[in-house]
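Structure, as structure tokens:
Protein chains get the first letters and strands the later ones, always in sequence-line order, with residue 1 at the start of each. Both backbone and side-chain heavy atoms feed into the values below; hydrogens, waters and symmetry mates do not.
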Protein chains: 2
Amino acid sequence: MTASRVLRGEGGYSEDTRIKVMQQVDQLGYLPNRLATVFAGDQSSTFIGVSIPDLGNEVFAQVLEGIDRKLGTFGYQSVLGLTQHTQEEEENWIRTVLSWQPAGLILTGRYHSPRATDMLRNAGIPVVEIWDLNSSPLDMSVGINHFDSGFDMGRYLTSLGYRRIGYVGTSHDTANAATERLNGFCKAVEGAGGAVVKQLCLHDTATYYPGFYGTEQLLSAARDIECIFFQNDAMAFGGLQYCAAKGLRVPDDIGIAGWGDLPIASVMNRRLTSCHVPHLKLGQMAAEMMMGRLTDEPVPTCTDIGFRLIPGSTVRNSGV
Amino acid sequence: MTASRVLRGEGGYSEDTRIKVMQQVDQLGYLPNRLATVFAGDQSSTFIGVSIPDLGNEVFAQVLEGIDRKLGTFGYQSVLGLTQHTQEEEENWIRTVLSWQPAGLILTGRYHSPRATDMLRNAGIPVVEIWDLNSSPLDMSVGINHFDSGFDMGRYLTSLGYRRIGYVGTSHDTANAATERLNGFCKAVEGAGGAVVKQLCLHDTATYYPGFYGTEQLLSAARDIECIFFQNDAMAFGGLQYCAAKGLRVPDDIGIAGWGDLPIASVMNRRLTSCHVPHLKLGQMAAEMMMGRLTDEPVPTCTDIGFRLIPGSTVRNSGV
DNA sequence: AAGGCTTAAGTTACCCGTAACGTAAAATGG
DNA sequence: CCATTTTACGTTACGGGTAACTTAAGCCTT
């Protein structure tokens with residue numbers, strides 16, 4: 001009992017006792033059971049549940065890295081959940097992870113099942129919704145406005161004279177960030193007198209190879225496409241390679257635009273037209289907002305982390 | 001009390017009671033506190049601590065994905081630890097995560113601090129050491145023999161006639177997998193009458209851009225290098241781009257070999273000489289071994305997941 | 001030297017779910 | 001119809017750490 005005092009260093013014991021206790025601790029290899037502390041309700045746990053769609057997407061891997069590193073500096077741990085973009089998996093994961101009394105949750109995306117929303121509200125713990133900026137979040141939110149980023153890309157491409165544009169992405173839940181980007185993109189393109197002639201939504205992962213064969217499908221379905229906007233950079237690289245393999249010159253024969261600005265872009269000889277999002281910073285900010293809330297500091301409810309359009313050289317230089 | 005029975009469905013209650021209990025559960029939004037169950041010692045937790053060096057490296061992100069998905073199918077959760085390749089961070093993380101009474105641990109690498117080893121032994125829970133195959137593991141191990149994979153690459157490159165070879169990697173703890181690969185590589189090269197003329201170990205992350213400028217450094221220090229072996233594919237891509245930028249033809253002027261076979265390789269017009277490791281499968285296997293041990297099934301102590309040399313076309317075709 | 005004060009250490013109760021046991025009522029059986 | 005079994009539900013105790021309280025010992029003051 002006195003041992004508990006010694007280990008927490010709260011005082012009320014003599015130096016002799018402290019030494020005796022520490023000797024026993026060393027000798028027995030004693031590790032405190034933090035479960036008991038949390039269970040007793042004396043303090044909250046140092047778990048933060050973090051749900052991420054998948055790690056095959058480098059972007060989310062970096063967000064998670066940012067989160068976990070920042071949490072680590074505060075002595076907190078991430079409990080991971082890969083929810084594969086589905087609300088159902090997210091709901092199940094939330095139920096499970098809440099039963100472990102986490103100190104808070106960080107969730108990717110703004111759309112949750114009704115039951116999930118209920119549980120989150122009842123849990124009474126901080127929740128940060130990331131990725132998709134949510135102006136009326138459950139609690140806190142950090143991310144970017146995907147609609148706007150798609151819109152900006154659409155405006156940029158049409159400003160270069162592109163009118164007949166294609167889209168290659170993947171389909172998962174309809175209400176996700178990529179769909180918002182596509183919506184913003186279409187709005188800008190159509191507003192400028194262009195047309196998104198074909199939208200291809202593959203039932204596959206949003207990675208390199210689907211980008212490759214998706215481009216093939218798109219171009220065989222609509223030969224007169226002048227430019228393709230991809231769901232992300234990985235798919236755009238796949239498209240770029242398809243063009244190279246088929247002898248299509250980029251940007252002379254066709255324009256290519258991605259989204260997300262993968263690290264590999266930094267060493268490519270040709271800069272991919274894309275949209276940069278500070279992934280690592282996004283993750284760190286999410287963790288900081290969480291920690292701020294847990295330490296009762298004033299925390300902004302909503303943080304727009306911002307994006308930056310990268311003109312690149314895989315689209316033509318200026319209007320025709 | 002009867003409620004506990006109803007929720008666990010263990011029987012011994014009437015249908016009327018069941019309905020009444022479930023109504024209350026729905027109404028109150030009751031979620032069981034699994035902490036209490038574990039704490040009472042009636043069952044073990046469903047946490048598995050997973051330590052990974054970093055997620056900037058796509059390879060480890062995929063390993064983690066494999067682990068977490070597989071654990072998820074068994075109703076287990078990963079508690080993440082990014083240990084940045086250092087034993088000290090690993091030890092601290094182990095101490096913390098053990099205090100949460102995890103059901104088991106999955107650790108990257110075979111080298112742990114003495115205290116960490118003590119804690120792991122005393123914890124009395126399953127431990128899987130991944131990545132670096134460990135023939136005498138603490139408990140279980142799954143991975144590949146990195147020395148052998150480096151050796152194979154060295155033998156392959158010398159078989160093509162390369163004699164003056166360079167290496168570009170990063171330095172972290174000396175005793176890690178990349179170092180083992182380099183050791184195997186050097187042994188093979190020297191055994192075949194070649195020489196690893198310069199080994200560059202950058203104090204940076206093992207990613208694209210360090211591969212780019214590392215190549216510059218290496219080539220300016222040793223101009224007569226015929227071929228470069230990189231710590232991983234990301235660095236090799238950086239090297240490839242450096243060569244392209246400087247007008248060095250690959251493989252005519254210089255050979256380039258990476259390691260790890262990144263997904264992006266699948267769409268490159270030129271196949272990077274590399275070594276394929278089934279990352280996702282490695283992670284899944286680690287999770288399966290863990291679950292097997294937890295359900296008292298017989299589990300192999302050591303699983304060699306295997307690698308496959310990819311000849312690629314960034315080195316010359318055959319001996320000079 | 002008696003009374004008050006400080007410090008060190010021990011005791012009790014609680015957190016929540018469940019194993020183990022207890023009990024009352026209903027069902028079964030001879 | 002009473003004895004026995006079964007069913008349904010209640011009670012108690014426990015796990016490990018700690019807040020709150022109690023006790024014992026040491027110290028000082030007048």
Side-chain angles (χ1 to χ4, degrees), chain A residues 1-47 49 75-77 79 94-104 119 122-125 294 296, chain B residues 1-47 49 75-77 79 94-104 119 122-125 294 296:
Chain A
M1 260 313 87
T2 297
S4 170
R5 280 189 267 257
V6 171
L7 288 170
R8 281 174 301 140
E10 62 144 34
Y13 49 84
S14 67
E15 181 61 15
D16 273 7
T17 313
R18 198 190 64 78
I19 290 170
K20 266 190 271 177
V21 169
M22 294 315 272
Q23 276 175 352
Q24 286 294 310
V25 166
D26 279 357
Q27 200 186 319
L28 300 170
Y30 168 84
L31 283 179
N33 181 345
R34 297 268 282 119
L35 243 44
T37 311
V38 174
F39 170 59
D42 299 321
Q43 30 178 303
S44 78
S45 75
T46 57
F47 294 133
Y76 281 67
Q77 294 82 43
V79 178
I94 289 174
R95 197 189 322 280
T96 305
V97 86
L98 281 180
S99 74
W100 293 112
Q101 319 294 116
M119 289 190 283
N122 290 336
I125 54 174
L294 288 174
D296 284 325
Chain B
M1 258 308 87
T2 297
S4 171
R5 280 188 268 257
V6 172
L7 287 170
R8 282 174 300 140
E10 64 145 34
Y13 49 83
S14 67
E15 181 61 13
D16 273 5
T17 313
R18 197 188 64 78
I19 289 170
K20 266 190 272 176
V21 169
M22 295 314 273
Q23 276 175 352
Q24 285 294 309
V25 165
D26 280 355
Q27 200 187 319
L28 299 170
Y30 170 83
L31 283 179
N33 182 346
R34 298 268 280 121
L35 244 45
T37 312
V38 174
F39 171 60
D42 299 321
Q43 27 177 307
S44 78
S45 77
T46 56
F47 293 133
Y76 281 68
Q77 293 82 42
V79 178
I94 289 173
R95 196 189 323 279
T96 305
V97 87
L98 281 181
S99 75
W100 293 114
Q101 319 295 114
M119 289 191 283
N122 290 336
I125 55 174
L294 287 173
D296 284 324

(request) Drop me the distance from A/W100's CH2 to B/R34's CZ, to the nearest 0.5 angstrom. (result)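 If we round to the nearest 0.5 Å, A/W100:CH2 and B/R34:CZ are 4.0 Å apart.
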(request) Output the distance between atom CE (B/M119) and atom OG (B/S99), rounded to the nearest 0.5 Å. (result) 10.5 Å
Just how far, in rounded Å, is [atom2] of [N] from [atom1] of [X]?
X: A/Q43; N: D/dT18; atom1: CD; atom2: P; value: 7 Å
X: B/F39; N: C/dG17; atom1: CZ; atom2: C1'; value: 11 Å
X: B/Q101; N: D/dG17; atom1: CD; atom2: C1'; value: 12 Å
X: B/E10; N: D/dC9; atom1: CD; atom2: P; value: 13 Å
X: A/L7; N: D/dG17; atom1: CG; atom2: C1'; value: 10 Å

Determine: side-chain N/O of [X] to OP1/OP2 of [N], distance under 4.0 Å, yes or no.
X: B/T37; N: C/dC16; value: no
X: A/S14; N: C/dA9; value: yes
X: B/S4; N: C/dC16; value: no
X: A/R8; N: D/dA19; value: yes

(request) Would you mind reporting whether A/V38 and B/F39 have side-chain heavy atoms less than 4.5 Å apart? (result) no
(request) Check whether any side-chain heavy atom of B/M22 lies under 4.5 Å from a side-chain heavy atom of B/D26, and answer yes or no. (result)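 They are not in contact (no side-chain heavy atoms under 4.5 Å apart), so the answer is no.
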(message) Mind checking if A/Y13 touches a base, just sugar-phosphate, or nothing, with heavy atoms under 4.0 Å?
(response) sugar-phosphate
Taking only nitrogen or oxygen atoms into account, show me every contact under 3.5 Å that the protein makes with nucleotides 20-27 of chain C, one pair per line with its distance.
none

(request) Say whether, by atom type as modelled, one donor and one acceptor occur between the side chain of B/Q43 and the main chain of B/G41 under 3.5 angstrom. (result) no
Do you know which two heavy atoms are closest between [X] and [Y], and how far apart they sit?
X: B/S45; Y: B/Y76; value: O-CE2, 3.8 Å
X: A/L294; Y: A/A103; value: CD2-O, 3.5 Å
X: B/Y13; Y: B/R5; value: CE2-O, 3.6 Å

(request) Mind listing the residues from residues 25-36 of chain B sitting with a heavy atom below 4.0 Å of DNA chain C? Number order is fine. (result) B/Y30, B/P32, B/N33, B/A36
(message) According to side chain to side chain donor-acceptor pair (under 3.5 Å), who are the partners of A/T2, at least two apart in sequence or on a separate chain?
(response)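 Listed in chain order: nothing, the list is empty.
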(message) Need to verify one output field. Residue with the more 5' nearest nucleotide on DNA chain D, B/A40 or B/T2?
(response) B/T2
